[in-house]
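Input: a single structure, listed below in structure tokens.
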Amino acid sequence: MQRLVRRAPTPGKDEIYWNPRLGDLEAADLAGVDAIVHLAGRNIAGWRWTPAVKRSIEYSRIASTHLLSETLARMDEPPATLICASAIGFYGDRGAEPVHEESQAGAGFLAELCERWEAATEAARQAGVRVVNLRIGLVLTASGGVLRRLLTPFRFGLGGVLGDGRQYMSWISLDDLLGVILHSLYTQDSSGPVNAVSAEPVTNREFTKTLGRLLHRPTLLGVPAPVIRAVFGEMGQALFLASARVEPRRLEATGFRYLHADLASALNWELGISPR
């Protein structure tokens, strides 16, 4: 396995230099590569979405994907497969409406970003590369992301619903996300958008109750929607209050089997709790 790195490759390691900002990537360095998995992109939950932060978020995803895609298109024998990250933000805020891979894009910054992100793989697709656009949901891992941020207030009994708690959270365990990537690499009839989510989305209220129950902590303190909007702005609305009830139809159609099919199972595993 080789890694694309933005620094000088370490001697003796399987590394390939690239620099999306400068457009640096030698097609010859990718010769003999069977498949590429591209997950790069700036964290969307780290800062309020100022115009500068939005530009950085867009550039980190779209420029790098364009560079990879266009480089593959120039190759006489490109890798057979490109697995490229996208996100369920593609669907926007859809309330309780179930959405799937054939559903139309939603509205807002994330939806527009994901549309452009996926479109950036078109050059590779036109060159005959099998492209899979993984629309990744909320990834559950105690080592990072949203779950790690929630653990401290929940363990102190300060957890609670966000807004009215009715917004759907389409999640996937980290182990299952890795499984989806491997499944996509080896499933030749998988292409185009694929929803990388559990088959059992939950509302924020259900998520809150489940996490509190597993940690044996109360979940009485909520955060009103106006407070979230005031503190986090547009980012708070899109990440904490928007609802996406996403169905993984293409994963199910290609026979993917989850390690953690339900939320309690995923949280038990991530938190190291033995189920009773």
Side-chain angles (χ1 to χ4, degrees), residues 3-7 16-25 30 35-73 78-79 81-93 99 101 103-127 129-139 141 144-146 170 172 174 177-178 180-181 184-185 191-197 232-240 242 244 246:
R3 297 175 59 209
L4 292 172
V5 297
R6 291 178 171 84
R7 50 170 172 73
I16 297 171
Y17 169 75
W18 77 323
N19 189 323
R21 185 169 294 279
L22 299 178
D24 290 344
L25 178 60
L30 299 178
I36 293 178
V37 178
H38 175 41
L39 306 176
R42 177 177 176 173
N43 180 9
I44 63 172
W47 302 265
R48 285 179 67 101
W49 288 350
T50 65
V53 168
K54 281 185 174 182
R55 288 193 297 271
S56 177
I57 290 171
E58 291 172 333
Y59 192 88
S60 68
R61 287 159 172 76
I62 296 168
S64 61
T65 303
H66 266 303
L67 177 59
L68 267 176
S69 184
E70 291 168 1
T71 301
L72 298 186
T81 302
L82 170 61
I83 309 293
C84 186
S86 182
I88 60 170
F90 176 92
Y91 302 107
D93 187 355
V99 293
E101 288 89 350
S103 299
Q104 296 296 312
F109 171 66
L110 286 183
E112 294 170 6
L113 168 65
C114 290
E115 277 197 282
R116 294 175 59 201
W117 195 1
E118 293 180 16
T121 62
E122 187 59 26
R125 185 178 288 108
Q126 292 294 328
V129 177
R130 180 174 66 90
V131 177
V132 180
N133 304 102
L134 290 183
R135 293 176 181 168
I136 301 171
L138 171 65
V139 181
T141 170
V146 172
S170 293
I172 187 168
L174 178 59
L177 176 57
L178 296 176
V180 168
I181 294 171
S184 299
L185 284 171
S191 65
V194 173
N195 291 330
V197 294
F232 298 104
E234 182 183 1
M235 181 188 77
Q237 175 64 40
L239 299 185
F240 305 135
V246 182

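Legend: residues meeting side-chain hydrogen bond (donor to acceptor under 3.5 Å, both in side chains) with Gln126, ordered by chain and number and at least two apart, are Glu122. Partners of Glu58 by salt bridge (Lys or Arg N to Asp or Glu O under 4.0 Å), not counting sequence neighbours, listed by chain and number: Arg116. Contacts of Val139 classified as side-chain contact (heavy atoms from CB on, under 4.5 Å), with partners at least two apart in sequence or in another chain: Ile136, Ile172, Leu174, Leu177. Ser103 is linked by a side-chain hydrogen bond (donor to acceptor under 3.5 Å, both in side chains) to nothing, counting only residues two or more places apart in sequence or in another chain. Considering only residues two or more places apart in sequence or on other chains, Asn19 meets the side-chain contact (heavy atoms from CB on, under 4.5 Å) condition with Tyr17, Arg21, Leu22, Asp24. With sequence neighbours left out, Ile16 forms a side-chain contact (heavy atoms from CB on, under 4.5 Å) with Gln2, Leu4, Leu25, Asp29, Leu30. Considering only residues two or more places apart in sequence or on other chains, Thr50 meets the side-chain hydrogen bond (donor to acceptor under 3.5 Å, both in side chains) condition with none of them. Considering only residues two or more places apart in sequence or on other chains, Ala35 meets the side-chain contact (heavy atoms from CB on, under 4.5 Å) condition with Thr81, Leu185.
Ion pairing of Arg135 with Glu101 is absent here, as no side-chain N (NZ or NE/NH1/NH2) approaches a carboxylate O to less than 4.0 Å.
Going from atom CG of Leu113 over to atom OG of Ser86 covers 8.0 Å, rounded to the nearest 0.5 Å.
Among all heavy-atom pairs drawn from Leu239 and Ala45, the shortest one is CD1-CB, 3.7 Å. Nearest approach of Ala244 to Gly92, heavy atoms of both residues: CB-O, 4.3 Å. Nearest approach of Val132 to Ser191, heavy atoms of both residues: CG2-CA, 4.0 Å. Nearest heavy atoms, Tyr59 versus Pro20: OH-O, 3.7 Å. Of all heavy-atom pairs spanning Pro193 and Glu118, the tightest one is CB-OE1, 4.5 Å. The two atoms that bring Leu134 and Val180 nearest to each other are CD2-CG1, 3.9 Å, heavy atoms only.
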Enumerate, atom names and distances included, each donor-acceptor pair closer than 3.5 Å involving a side-chain atom of residues 62-69, sequence neighbours excluded.
unit_1	atom_1	unit_2	atom_2	d
Ser64	OG	His38	NE2	3.2
Ser64	OG	Ser60	O	2.9
Ser64	OG	Arg61	O	3.1
Thr65	OG1	His38	NE2	3.1
Thr65	OG1	Arg61	O	2.7
Thr65	OG1	Trp117	NE1	3.2
Ser69	OG	Ala120	O	3.4
Ser69	OG	Thr121	O	3.3
Ser69	OG	Ala123	N	3.4
Ser69	OG	Ala124	N	2.7

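Contact of the Trp18 side chain with the Thr71 side chain is not registered, since no non-hydrogen atoms from C-beta on lie closer than 4.5 Å. Counting heavy atoms from C-beta outward, Pro79 and Leu72 have side chains that approach closer than 4.5 Å. Side-chain contact between Ile44 and Phe109 is absent, with no heavy atoms from C-beta onward closer than 4.5 Å.
Sorted by first and then second residue, the salt bridge (charged side-chain N to carboxylate O under 4.0 Å, His left out) pairs involving residues 38-57 (not counting sequence neighbours) are Lys54-Glu234.
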With side-chain contact (heavy atoms from CB on, under 4.5 Å) as the test, would you mind laying out the steps for Ile36 and Val129 before giving the verdict? CA-CA 10 Å; Ile36 293 178; Val129 177; over 6 Å; no
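No side-chain donor-acceptor contact under 3.5 Å links Ser56 to the backbone of Ala52.
For CZ of Arg7, the number of neighbouring non-hydrogen atoms (other residues, nucleotides, ligands) closer than 6.0 Å is greater than 12.
Tested against Ile83 for a side-chain contact (heavy atoms from CB on, under 4.5 Å), the candidates Asn133, Val37, Val131 yield a single pass: Val37.
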